[in-house]
Amino acid sequence: MLIIGERINGTRKNIKEGIESRDKQLIKKEIKKQIESGAHYIDLNAGIGKGKEREKEDIKWLIECLYEVGEYPVCIDSADPDVIDFALSFVKTDDKMINSINGEKEKIDKILPIIKKYPESKIICLTMDENGIPSDSKKRVEIAERVIKILNEAGVKNENIFVDCLVEPVSVNTQNGIVFLQALKEVKKFGVKTTCGLSNVSFGLPNRKLINKYFLALCIYEGIDSAIIDPTVSDIKEAICIAEMLTGKDEFCMNYIKGIRCNIF
Ligand code: THG
């Protein structure tokens with residue numbers, strides 16, 4: 001499965017400070033660590049709550065930091081389509097992800113012209129709309145179906161659509177895990193790809209890594225295609241490898257055997 005490294009995010013205290021003080025060494029070190037840990041995409045989120053113009057400047061700088069490490073695929077993470085549009089103009093690789101679009105009409109209208117400029121880019125679609133995140137899986141699946149249709153009509157292939165059924169903390173509502181998994185199962189039937197922000201599930205609980213690892217195994221059982229995670233947590237790679245093996249995605253169990261032999265876990 002595709003691993004999207006989550007560590008460059010302005011909501012994290014040290015990253016926010018690194019962005020504000022233009023600490024290239026810190027950001028580059030965080031990027032390097034994630035690449036070395038097997039991240040296929042680096043998520044860049046420059047949101048530090050200081051407005052659109054500041055976010056544009058900051059994400060441009062983050063992209064500069066990334067390219068000083070290497071030309072790795074990037075996942076542009078912003079709630080603002082203008083920021084996404086601006087950021088994409090600095091992305092050099094064909095392989096890129098837009099994070100994200102959702103069922104809101106205004107958002108769709110703004111994102112569609114951007115997608116047309118980069119028809120081969122991957123796009124993450126959140127199953128929420130003007131009314132927020134539906135509490136039941138059925139409504140999330142309906143939003144996904146509607147946005148997939150719009151994206152298909154705009155020429156986006158299913159293989160480039162990554163639906164995110166939105167993981168919410170089980171500490172807030174114990175049904176949040178199962179509602180996500182049910183929506184994931186249904187969305188897989190549309191033939192698109194899927195993803196999630198895994199660590200939301202454990203928010204507010206102790207020993208979060210443990211919870212994240214078991215939840216990812218359940219997501220893999222339902223066929224999740226990618227996840228936004230911290231790849232530097234070694235437990236998570238062990239969970240991916242073993243869950244993939246146990247669900248028929250590791251031919252001759254080679255990845256597992258290699259993982260054990262090479263002390264990867
Ligand atoms: N779906 C999509 N994109 C997303 C999310 C999602 N992008 C943002 C987020 N959710 C996923 N990324 C992160 C990045 C960092 C952290 C969590 C998710 C993180 N959190 C610590 C915490 O929650 O305790 C912050 C602690 C700190 O300040 O360092 O590190 O769902 N498509």
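Just so you know, ligand 1 is whichever comes first in the structure, and atom 1 is the first atom listed for that ligand.
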Original post:
Given that the side chain starts at C-beta and the backbone is N, CA, C, O, which of these parts of L166 lies under 4.0 Å from ligand 1, counting heavy atoms, or is it both or neither?
Top reply: neither
Subject >> For atom 7 (N) of ligand 1, closest protein heavy-atom neighbour >> reply: D77 OD2, 2.8 Å
**OP:** Could you tell me whether ligand 1 has any atom less than 4.0 Å away from a heavy atom of S199?
**Re:** yes
**OP:** For residues M1 and L216, determine if any side-chain heavy atom of one lies less than 4.5 Å from a side-chain heavy atom of the other.
**Re:** yes
Original post:
Is R208 near ligand 1, meaning one of its heavy atoms is under 4.0 Å from it?
Top reply: yes
Original post:
Which atoms of ligand 1 sit under 4.0 Å from any heavy atom of G197?
Top reply: 1 (N), 6 (C), 31 (O)
**OP:** Check the side chains of T232 and D230 for a donor-acceptor pair under 3.5 angstrom, ignoring hydrogens and angles.
**Re:** yes
Subject >> Flag for D225-T194: side-chain donor and acceptor within less than 3.5 Å >> reply: yes
Original post:
Without hydrogens or angle criteria, can the side chains of S137 and E186 be said to hold a donor-acceptor pair below 3.5 Å?
Top reply: no
Original post:
Should D109 and K105 count as an ion pair when the cut-off is N to O under 4.0 Å?
Top reply: yes
**OP:** Provide, to 0.1 Å, the distance between atom 9 (C) of ligand 1 and the closest protein heavy atom, together with that atom's residue and name.
**Re:** N9 ND2, 4.5 Å
**OP:** State whether the shortest distance between N or O atoms of N99 and N or O atoms of ligand 1 falls below 3.5 angstrom.
**Re:** yes
**OP:** For C196 and I224, work out which heavy atoms get closest and say how close.
**Re:** SG-CD1, 3.8 Å
Original post:
Who's the nearest protein heavy-atom neighbour of atom 1 (N) of ligand 1, and how far?
Top reply: D164 OD2, 2.7 Å
Subject >> Residue N200 vicinity, atoms of ligand 1 by number, heavy atom under 4.0 Å >> reply: 31 (O)
Subject >> Atom indices of ligand 1, in the order listed, that fall short of 4.0 Å to a heavy atom of I124 >> reply: 32 (N)
Original post:
Looking only at protein heavy atoms, which one is nearest to atom 14 (C) of ligand 1, and how far off is it?
Top reply: E6 O, 3.4 Å
**OP:** May I ask whether V167 has any heavy atom positioned less than 4.0 angstrom from an atom of ligand 1?
**Re:** no
Subject >> Side-chain ion pair, K16 and E20, N-O less than 4.0 Å >> reply: yes
Subject >> Pick from R12, M97, K13, K16: the one approaching atom 25 (C) of ligand 1 most closely through a non-hydrogen atom >> reply: R12
**OP:** Test side chain to side chain donor-acceptor pair (under 3.5 Å) on Y41 and K122 and set out the steps.
**Re:** CA-CA 11 Å; Y41 287 80; K122 297 179 168 59; 3.2 Å; yes
Original post:
Can you tell me which residue and heavy atom of the protein come closest to atom 11 (C) of ligand 1, and the distance to 0.1 Å?
Top reply: I228 CG2, 4.0 Å
Original post:
Between N102 and E104, do the side chains contain an N or O donor and an N or O acceptor separated by less than 3.5 Å?
Top reply: yes
Subject >> Non-hydrogen atom of N45 closer than 4.0 Å to ligand 1 >> reply: no
**OP:** Go through the side-chain N and O atoms of N9 and D43 and say whether any donor and acceptor fall under 3.5 Å apart.
**Re:** no
Original post:
Considering all protein heavy atoms, does one lie under 4.0 Å from atom 20 (N) of ligand 1?
Top reply: no
Subject >> Distance-only donor-acceptor check, side chains D164 and T195, under 3.5 Å >> reply: no
Original post:
Under 4.0 angstrom from ligand 1, any heavy atom of L126?
Top reply: yes
